[in-house]
Amino acid sequence: MSKRFSTLLAVLLVSSLLLTACGGGAADGAGAADGGDAMECTDEIGCVEVASGDSIHLAYMLTVSGATAFLGEDSLGGIQVALANRGQVLGHDVELTGEDSGCSAEGGQTAATAVTADDSVVAIIGTNCSGAATAGLPTVSEAGLLMCSPSNTAPALTDPDQTWLPGYFRTAHNDLFQGRVAAEFAYNELGAMTAATIHDGSPYADQLQQVFAATFAELGGTVTFQGAVNVGDTDMRPVLTSVAADSPDVLYFPIFEPEGPFIVSQATEIDGLENTVLMGADGLLADSFPENSGENVVGMFLSGPYVTGAEYDAFLADWESQIGGVPPSGFHAFAYDCTNMILDAVEAVAQQGSDGSLLIGRQALRDAMASTTGYAGLTGSLACNEYGDCATGEALAVFEITQAELDGNWPPAAVYTP
């Protein structure tokens with residue numbers, strides 16, 4: 001062998017070793033690769049392997065039974081439309097399975113334990129209720145999963161000094177926005193000078209009424225009463241009697257069914273509430289709420305999510321053709337955005353083998369989600385901060401319930417947008 005040939009062979013060997021060492025993914029061991037067969041996971045919290053021909057596995061944790069099932073059905077429909085419209089991702093079908101998280105701490109913990117037991121799950125869409133998320137999030141975060149909620153709104157969930165944990169994101173508004181919008185409407189539009197609130201002890205309801213009350217007082221109003229009922233209560237007369245002692249201009253009760261309809265139906269029985277305007281929030285923004293409340297519901301207001309535009313109209317047409325009817329609540333578009341943002345993140349970070357297999361880094365997936373900015377979603381332009389808030393609060397409004405909604409028409413018209 002000549003000296004020149006030996007030198008050339010050495011150079012080729014070194015070059016080959018360098019290419020082998022540098023081939024594969026991007027940062028965190030989970031970037032797109034052109035496809036050597038040997039893919040290596042260097043992600044700090046692990047990877048999900050998707051074999052050639054297997055599906056990318058997403059899971060949901062939603063309330064799909066009981067009195068709050070309308071929230072879960074609404075979100076599930078949004079996920080299903082997103083998956084149907086998107087088709088395959090990186091040559092793989094997307095499989096969706098799920099757990100009923102209910103609207104409680106117990107349900108959230110149970111669902112989180114079941115979902116995280118399956119290591120093929122890439123990410124979770126859920127929960128609906130903030131109480132379920134508060135309980136389930138430690139398990140989800142510890143497992144290294146990403147969870148995106150379409151309807152958790154409690155401020156504590158994205159507060160690093162309270163409930164927030166790595167892996168949590170939401171496309172739903174933070175109730176720091178909703179509470180302010182509701183208070184500004186009551187004070188500036190209704191001319192209310194006094195207000196009372198009722199919550200049900202859940203993180204969602206308690207934190208939302210606190211924001212409403214603080215903002216209302218900041219604007220110059222007086223908060224006359226802040227009380228609570230228990231989930232499962234049917235007789236609301238005792239708490240309504242306490243509210244009526246000061247005959248407030250507005251009563252704000254951001255709670256759920258069936259407790260909300262009991263408040264509405266019993267309010268006219270209490271002396272001192274004849275001129276009090278009733279006002280709820282997105283937990284009651286359901287097509288079943290007017291009929292369950294009865295004629296007292298006419299003229300009351302609900303704060304909640306508000307989405308418009310040509311793309312949203314196209315989504316509603318897809319819902320009609322794929323699912324039928326109209327969405328039963330207000331967070332379907334937020335679930336649609338959650339689903340697509342997760343799948344965009346998968347496309348951004350997955351290593352691809354030459355046989356079509358995928359290697360998805362869990363931390364890389366979280367990092368990709370956290371770096372989302374200027375995302376053109378159905379619910380507006382979304383940008384995620386480091387603690388998981390992706391919404392700007394622009395997709396909010398106050399709605400008025402009229403006789404038309406009591407007669408079965410849905411949804412109600414927005415009468416105030418900030």
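This chain uses plain numbering: 1 for the first residue, then up along the sequence.
Remark: side-chain polar atoms of Asn340 are paired, donor with acceptor, to backbone N or O of Tyr336 under 3.5 angstrom. Between the side chain of Thr276 and the main chain of Pro248, a donor-acceptor pair closer than 3.5 Å is present. Ser141 places no side-chain N or O within 3.5 Å of a backbone atom of Leu137 that could act as its donor or acceptor partner. Between the Glu405 side chain and the Thr402 main chain, a donor and an acceptor come within less than 3.5 Å of each other. Asp246 places no side-chain N or O within donor-acceptor distance of the main-chain N or O of Phe225, the cut-off being under 3.5 Å. Within the 3.5 Å criterion, the main-chain N or O of Val264 finds no donor-acceptor partner in the side chain of Ser293. In terms of modelled atom types and a separation under 3.5 Å, the side chain of Ser381 and the main chain of Gly374 share no donor-acceptor contact. With hydrogens and angles disregarded, a donor-acceptor distance shorter than 3.5 Å links the side chain of Gln351 to the backbone of Glu40. Of the possible polar contacts, none joining the Ser52 side chain to the Gly356 backbone as a donor-acceptor pair under 3.5 Å is found. Put simply, the side chain of Glu347 never gets that close to the backbone of Ala345: no donor and acceptor are under 3.5 Å apart.
For the 3.5 Å distance criterion, the side chains of Gln178 and Thr153 fail to qualify, holding no donor opposite an acceptor. One side chain, Ser303 or Tyr252, offers a donor N or O that lies under 3.5 Å from an acceptor on the other. In summary, the side chains of Thr63 and Thr68 do present a donor paired with an acceptor at a separation below 3.5 Å, with no hydrogens or angles considered. At a cut-off of 3.5 Å, with distance as the only test, a side-chain donor of Ser65 or Asp100 sits close to an acceptor on the other residue. Between the side chains of Asp175 and Gln210, no donor-acceptor pair of N or O atoms lies under 3.5 Å. Checked by atom type, the side-chain pair Glu95/Ser55 shows no donor-acceptor distance below 3.5 Å.
For residues 176-210, no pair satisfies disulfide bond (SG atoms under 2.5 Å apart), with sequence neighbours left out. Within the structure, every pair that satisfies the disulfide bond (SG atoms under 2.5 Å apart) test and touches residues 366-418, not counting sequence neighbours, is listed here: Cys384-Cys390. Note on residues 53-112: no pairs pass ring-ring contact (aromatic ring centres under 6.0 Å, His included), not counting sequence neighbours. Screening residues 369-379 for side chain to side chain donor-acceptor pair (under 3.5 Å) gives Asp337-Thr379 as the qualifying pairs, with residues at least two apart or on separate chains. Legend: disulfide bond (SG atoms under 2.5 Å apart) pairs involving residues 147-188, not counting sequence neighbours, sorted by first then second residue: Cys148-Cys338. Screening residues 122-165 for ring-ring contact (aromatic ring centres under 6.0 Å, His included), with sequence neighbours left out, gives Trp164-Tyr387.
Atom-to-atom distance recorded for Ile125:CD1 and Met61:CE is 11.5 Å, nearest 0.5 angstrom. With values rounded to the nearest 0.5 angstrom, Leu365 atom CG is found 7.5 Å from Ile342 atom CD1. To the nearest 0.5 Å, the span separating CE on Met147 from CE on Met369 amounts to 11.5 Å. If you take OG1 on Thr116 and CD1 on Ile124, they are separated by 7.0 Å, rounding to the nearest 0.5 Å. The distance from the OG1 atom of Thr163 to the CD atom of Gln207 is 6.5 Å, given to the nearest 0.5 Å. The CZ atom of Arg362 sits 13.5 Å away from the CD atom of Glu44 when rounded to the nearest 0.5 Å.
The minimum heavy-atom distance between Gly102 and Ala132, with the atom names listed, is O-CB, 4.3 Å. Residue Pro327 comes nearest to His332 through the heavy atom pair CB-ND1, 3.1 Å, listed as atom of the first residue, atom of the second, then distance. Heavy-atom minimum distance, Ile263 versus Leu251: CG2-CD2, 4.4 Å. Of all non-hydrogen atoms in Gly87 and Val94, the two that sit nearest each other are O-CG2, 4.4 Å. When all heavy atoms are compared, the tightest approach of Phe216 to Ala186 is CE1-CB, 4.3 Å. Of all non-hydrogen atoms in Ala350 and Leu90, the two that sit nearest each other are CB-CD1, 3.7 Å.
Scanning for side-chain hydrogen bond (donor to acceptor under 3.5 Å, both in side chains) contacts around Gln88 gives Asp93, with sequence neighbours left out. In this structure, the side-chain hydrogen bond (donor to acceptor under 3.5 Å, both in side chains) partners of Ser149, at least two apart in sequence or on a different chain, are Asn152. For Gln109, the side-chain hydrogen bond (donor to acceptor under 3.5 Å, both in side chains) partners at least two apart in sequence or on another chain are Thr113, Thr139. For Tyr204, the ring-ring contact (aromatic ring centres under 6.0 Å, His included) partners two or more places apart in sequence, or in a different chain, are Phe256. Applying the side chain to side chain contact (heavy atoms under 4.5 Å, CB included) criterion to Glu184, with sequence neighbours excluded, gives Arg180, Asn188, Leu219, Tyr416. Not counting sequence neighbours, the partners of Phe301 by the ring-ring contact (aromatic ring centres under 6.0 Å, His included) test are Phe185.
Residues Val231 and Ser202 have side chains not in contact (no heavy-atom distance under 4.5 Å, counting atoms from C-beta outward). Residues Leu302 and Met279 form no side-chain contact, since every pair of their non-hydrogen atoms from C-beta on lies 4.5 Å or further apart. Annotation: side chain of Thr110 is not in contact with side chain of Glu99 (no heavy-atom distance under 4.5 Å). In this structure, Leu165 and Pro138 have side chains that are in contact, with non-hydrogen atoms separated by less than 4.5 Å.
The number of heavy atoms from other shown groups lying within 6.0 Å of CD (Glu189) is above 12. For CD of Glu311, the number of neighbouring non-hydrogen atoms (other residues, nucleotides, ligands) closer than 6.0 Å is 12 at most.
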Handout entry: Steps toward side-chain contact (heavy atoms from CB on, under 4.5 Å) verdict (Leu157, Thr134)
Key = CA-CA 7 Å; Leu157 283 165; Thr134 301; 3.8 Å; yes
Exercise for the section: Check the pair Val346 / Ile56 against side-chain contact (heavy atoms from CB on, under 4.5 Å), numbers first and verdict last. Expected result: CA-CA 9 Å; Val346 169; Ile56 296 170; 4.2 Å; yes
Exercise for the section: May I have the step-by-step check of side-chain contact (heavy atoms from CB on, under 4.5 Å) for Val243 and Ile270, ending in yes or no? Expected result: CA-CA 9 Å; Val243 170; Ile270 309 300; over 6 Å; no
Practice task
Could you check Leu76 against Leu96 for side-chain contact (heavy atoms from CB on, under 4.5 Å), going step by step and ending with a plain yes or no?
Solution key: CA-CA 10 Å; Leu76 182 57; Leu96 179 68; 3.9 Å; yes
Problem - Thr215 and Glu218: CA distance, side-chain angles, deciding distance, side chain to side chain donor-acceptor pair (under 3.5 Å) verdict - result: CA-CA 5 Å; Thr215 304; Glu218 174 189 307; 5.2 Å; no
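Classification of the Phe334-Phe331 ring pair by plane angle, with boundaries at 30° and 60°, yields tilted.
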